[in-house]
Amino acid sequence: MTGAAWEASADLVVVGGGVAGLTAARAASVRGLRVLTVSKGGPTDTSTQYAQGGIAVVAPRGDSVGSHVADTVAAGAGLCDEVAVESIVAAGRQAVASLRDLGAVFDRGGDGQVSRTREGGHSTRRIIHAGGDATGAEVQRALNAAGLPVLFGAAATRVVTDSGGVVGLQLLSDKGAGVIHAPAVLLATGGLGQLYACSTNPAGATADGVALALRAGAAVADIEFVQFHPTVLFSPGGVGRRPLISEAVRGEGARLVDGNGDSITAGVHPRGDLAPRDVVSKAIAARMRELGADYVYLDARSIPQFAQRFPTITASCLAAGIDPAAQLIPVAPAAHYQCGGVVTDLQGRTEVPGLYAAGEVARTGLHGANRLASNSLLEGLVMGERAGAAAAERSDVRAEVRAADSPALRRAPRGLVQRLMTEHASVVRDGGGLAGAAGELGAARPITASSVGELEDSALTLTARVLIAAALKRTESRGCHTRSDYPDTDRAARHSISIRMDADGQLRSDALELAGVD
Ligand code: SIN
């Protein structure tokens, strides 16, 4: 007996019900494992639900695995693990085929073939999409319809380990504190967008998986690379989850201009408005600073039948009083994607036996210093499948949580964390600002989390500390990480920074080798 209000057992507990989590749960279930998926929200409270552009997958004509790999590596600014990139990209077609077998329907053109669009950093049209700009919603619908058992409204509080690895998971639900005895836990909790005042991520993107993994002894890497999406609908005073204006809008011909009608990206990059995201976000931030403006514009008026091609975006714009077919759309960069995360191998294993991670929370080496557009649903599908399959290796391990305690966590108020991160760890950073933010976060108070909100705040506080520590250590500019005090890329810094947490809460960093990089 553990003293918990409720107990259950499973062969695998999956934390998170988005693309990676449900794909993993399915892969493990078909291998005969008793799988329980837990999600702190409801069936569509996932980042997957909000993904617009699509899934990057090698096109049947005029494309190749080599070309998709080259685009991914170019976007990743020297920090992709090329073995991981090749492996994940090459598995894309099979992963999409499995999703279609589950019932996912992708858009087709007049010729009956699956339509493909283009996004920043891609050399060709290889992005498949659904419902125009509602690809994530279709992926989520298809996976939800698979009917896997999910315990909604249950937040993970701690991965419990003993000397042999994982033995279970502690949770908080409306039935109180609970324990699931299990030899394997798979983190698929999504990202960290709620570290910032404005983000494209839903309210649940509070870095839970990063914090759970660090507290269980696993390493995180590349966490300083937070991708800011260049085109998020701007409204004065708007905070929280903000509507995304998919990069596919630029893929179909929209242009980024400032208030004077001048191009934002002319002369910045050979691919102009379809340069990799870090380049475009930096160009917008620089123009906003130069003009003292809070936003720039996306001119999509040349796109025929905009409302049919982009119904979700049209609805968001109309709700803000803008007709995108006739008016310029005000946009600004906002936090969008966590490029790094919990370090895993190419089967989703962390270094803690029995702890797996997949999707945005994980760092496989696919994204490096900047994720290529629409590679995230791809990674969630491929790595979800592999991690779910890998968890079967623990099915003969007998696991039992012996006592459920309430670990002391450190929490800073969410408003403070978001203000510090938005002011000092956004598109452009500097050492003074980062060090000041680290000092303020260092004063976070120990608590015993008794609500999901407090638990989330403690995950955000820990992740902010780790992200700032890595950003301070990276004394160069690369990919999504721009230091105004170190504006150049340093060849000697071409390695990932991995961070672990000691039992006494101290952070320790190491350089992580990249495979396939000289
Ligand atoms: C977009 O549609 O622009 C977002 C797609 C992505 O983040 O991969």
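The shown structure was predicted, so the numbers you read here are calculated from the model rather than taken from an experiment. Whatever order the structure lists ligands and atoms in, that order sets their numbers, starting from 1.
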Peer 1: Check ligand 1 against E119 and write out every atom of the ligand that is under 4.0 Å from a heavy-atom position of the residue.
Peer 2: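 Here the atoms of ligand 1 in question are 1 (C), 2 (O), 3 (O), 5 (C).
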
Peer 1: With a cut-off of 4.0 Å, which atoms of ligand 1 are near a heavy atom of A373?
Peer 2: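 Listed by number with element, the hits are 8 (O).
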
Peer 1: For the 3.5 Å polar cut-off, considering only N or O atoms, please tell me whether Q52 and ligand 1 meet it.
Peer 2: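 Checking ligand 1 against Q52, no N or O pair falls under 3.5 Å apart.
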
Peer 1: Could you tell me, atom by atom, which parts of ligand 1 come under 4.0 Å of a heavy atom of H229?
Peer 2: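 Reading through ligand 1 atom by atom, the close ones are 1 (C), 3 (O), 4 (C).
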
Peer 1: For ligand 1 and Q227, I'd like to know whether there is a polar contact (N/O to N/O, distance under 3.5 Å).
Peer 2: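 Not met; the criterion fails.
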
Peer 1: Determine whether Y337 and H367 satisfy the following criterion, ring pair (Phe, Tyr, Trp, His ring centres under 6.0 Å), listing intermediate values before the conclusion.
Peer 2: CA-CA 10 Å; Y337 198 84; H367 308 309; 5.5 Å; yes

Peer 1: Parallel, tilted or perpendicular: which one describes the rings of Y295 and Y297, with boundaries at 30° and 60°?
Peer 2: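 Taking Y297 first and then Y295, their aromatic rings stand perpendicular (interplane angle over 60°).
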
Peer 1: State plainly whether the residues R363 and D222 are in salt-bridge range, i.e. N to O under 4.0 Å.
Peer 2: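 A salt bridge is present here (some side-chain N lies under 4.0 Å from a carboxylate O).
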
Peer 1: Would you mind running through ligand 1 and noting each atom that sits below 4.0 Å from a heavy atom of H336?
Peer 2: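 Once the distances to H336 are compared, the set is 4 (C), 6 (C), 7 (O).
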
Peer 1: For atom 2 (O) of ligand 1, what is the closest protein heavy atom, and at what distance to 0.1 Å?
Peer 2: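 Going atom by atom, the protein heavy atom closest to atom 2 (O) of ligand 1 ends up being S246 OG, 2.6 Å.
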
Peer 1: So which protein heavy atom does atom 4 (C) of ligand 1 come closest to, and at what separation?
Peer 2: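 Here the nearest protein heavy atom works out to R277 NH2, 3.4 Å.
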
Peer 1: Assess whether a salt bridge exists between R474 and D490, defined as any Lys/Arg side-chain N lying under 4.0 Å from an Asp/Glu carboxylate O.
Peer 2: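 Salt bridge: no.
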
Peer 1: Enumerate the atoms of ligand 1 whose separation from the nearest heavy atom of E247 is less than 4.0 angstrom.
Peer 2: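 Listed by number with element: 1 (C), 2 (O), 3 (O).
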
Peer 1: Show me which atoms of ligand 1 lie under 4.0 Å from any heavy atom of G53.
Peer 2: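 Listed by number with element: 1 (C), 2 (O).
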
Peer 1: Should the pair R483-E476 be classified as a salt bridge under the 4.0 Å nitrogen-to-oxygen rule?
Peer 2: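 E476 and R483: not salt-bridged.
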
Peer 1: Regarding R126 and S67, do their side chains bring together a donor and an acceptor under 3.5 Å, going by distance alone?
Peer 2: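 Yes.
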
Peer 1: For E119, run the salt bridge (Lys or Arg N to Asp or Glu O under 4.0 Å) check against R271, R277, R250 and tell me which one passes.
Peer 2: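 Per the salt bridge (Lys or Arg N to Asp or Glu O under 4.0 Å) rule, the option paired with E119 is R277, out of R271, R277, R250.
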
